[in-house]
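One structure below.
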Amino acid sequence: MKDILTAPFVEEMKKMTANMYRLGWDERNGGNISYLLDENEVSEYLDTAHVCRTIPIGFSAPSLIGKLFIVTGTGKYFKNVADDPQTNLGIIRIAEDAQTAELLWGFADGGKFTSELPAHLMSHMARLAVDPQNRVIMHTHPTHTLAMNYVHELDEKALTHTLWEMCTECIVVFPDGVGVLPWMLCGTNTIGEATAQKMKEFRLVVWAMHGMYGAGKTLDETFGLIETVEKAAQIYMLTAHLPRINTITDTQLKDLAELFGVIYRKDFLNL
Ligand code: 2HA
Ligand code: ZN
């Protein structure tokens, strides 16, 4: 058996959480990540027949039965993952009853998965139905995106349109736009269901005045989506209080989307 602390998926989680912490997006216990693993790969590092303990998930995830995820822990700090992955991360498998997580590794201090597990697993179910390659759900509190939430309309078309205008490549990176949920209580099945509903249509969902959810095939791709929105929000916050004398026009946005051959939300442009 190989040492799990050397597994690429543990290494990736360490690097990603440290990077996001350094960007200032994941203060204290802010943010959480879940990453669907390949059981064959995990079994090089763990006896997957050995369950350390079981933890109820509080809802039913039938389409995820038997699937393994590496997830960040509740109350744990991204800052600390790299130094102590076995306490701050866990590997869970969704049990046959669809309502229990079998802990295969991690949460070594008796802890458990993120309080946002409903939003994560429900989003995985929604994204996997659209794209079987989707493996990652990432939640974070990016600073400028959050700031923008306080001063910009939170309508999906209006918000996406403004973000697209802020950097030339935005419409190419997230042509499907950004979904928006109103402020809601976090950590609940209700916000989980609402997030998953949006995830049928969007890979990026803003939780108003809280943060962002992203979905993608890899940690890198998902991070890249959120990073691009955050960059656009930063440009917005640097310029919103100044007279705007130049902009990227809707015709130019359309030209970009067509040049790069992306399927974009035509209804989010005013043409
Ligand atoms: O886990 O970010 O939304 C901490 C959070 C909750
Ligand atoms: Zn949060």
Side-chain angles (χ1 to χ4, degrees), residues 13-14 16-36 55-59 61 69-92 101 103 106-127 136-150 154 159 178-199 202-216 219 222-223 225-227 229-230 233:
M13 289 291 279
K14 284 164 55 177
M16 187 55 72
T17 48
N19 181 38
M20 292 170 77
Y21 172 69
R22 282 290 159 210
L23 287 168
W25 298 357
D26 297 280
E27 72 292 341
R28 198 174 181 274
N29 63 322
N32 24 77
I33 302 176
S34 60
Y35 179 8
L36 174 61
I55 314 170
I57 62 174
F59 58 96
F69 296 89
I70 188 164
V71 287
T72 50
T74 183
K76 300 295 191 258
Y77 296 14
F78 274 24
K79 178 172 79 68
N80 297 335
V81 172
D83 284 339
D84 191 2
Q86 57 270 60
T87 302
N88 294 290
L89 303 175
I91 295 178
I92 58 169
L103 182 67
F107 303 141
D109 62 351
K112 65 177 215 172
F113 42 73
T114 167
S115 60
E116 302 295 0
L117 197 75
H120 279 259
L121 293 191
M122 292 178 194
S123 293
H124 276 289
M125 291 193 271
R127 286 311 306 171
V136 174
I137 301 291
M138 186 179 278
H139 168 61
T140 179
H141 304 162
T143 313
H144 299 92
T145 307
L146 228 77
M148 188 176 172
N149 277 206
Y150 289 86
L154 288 173
L159 184 71
V178 176
V180 181
L181 287 182
W183 188 92
M184 292 175 77
L185 270 184
C186 55
T188 63
N189 287 352
T190 309
I191 200 168
E193 285 153 12
T195 308
Q197 194 61 32
K198 290 288 177 198
M199 283 279 181
F202 299 102
R203 291 171 300 156
L204 287 159
V205 179
V206 164
W207 280 9
M209 287 150 296
H210 178 142
M212 191 147 43
Y213 266 77
L219 284 172
T222 314
F223 173 80
L225 281 171
I226 297 174
E227 179 186 36
V229 170
E230 172 62 359

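Note that ligands are numbered from 1 as they come in the structure, with each ligand's atoms numbered from 1 the same way.
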Self-check item: Residues forming a ring-ring contact (aromatic ring centres under 6.0 Å, His included) with Phe202, sequence neighbours excluded
Solution: none
Practice problem: Give me the protein N, O or S atoms that fall under 2.8 Å of the Zn ion (ligand 2), sorted by chain and residue number. | Solution: His139 NE2, His141 NE2, His210 NE2
Quiz item: For His120, which of Tyr213, Tyr35, Phe113 qualifies under ring-ring contact (aromatic ring centres under 6.0 Å, His included)?
Solution: Tyr213
Exercise. Quick one: pull up CG in Asp84 and CG in Leu89 and give me the separation to the nearest 0.5 Å.
Key: 9.0 Å
Side chains of residues 22-30: which donor-acceptor pairs under 3.5 Å do they make with residues two or more places apart or in other chains?
from	atom 1	to	atom 2	distance (Å)
Asp26	OD1	Thr140	OG1	3.1
Asp26	OD2	Thr140	OG1	2.9
Glu27	OE2	His141	ND1	2.8

Quiz prompt | Considering all heavy atoms, the nearest Ala208-Pro182 contact | solution = CB-C, 3.8 Å
Quiz item: Taking all non-hydrogen atoms of both residues, which atom of Gly111 and which atom of Ile55 are closest, and how far apart?
Solution: O-CD1, 4.4 Å
Exercise. Using heavy atoms and a cut-off under 4.0 Å, could you grab the residues that are in contact with ligand 1, chain by chain, numbers ascending?
Key: Asn29, Gly30, Gly31, Asn32, Glu116, His139, His141, His210
Quiz item: Is any side-chain N of the basic residue among Lys76 and Asp109 closer than 4.0 Å to the acidic one's carboxylate O?
Solution: yes
Exercise. Supply the atom-to-atom distance Met20 CE to Met138 CE, rounded to the nearest 0.5 angstrom.
Key: 4.5 Å
Quiz item: Going from OG1 on Thr145 to CE on Met212, what distance comes out if it is rounded to the nearest 0.5 angstrom?
Solution: 4.0 Å
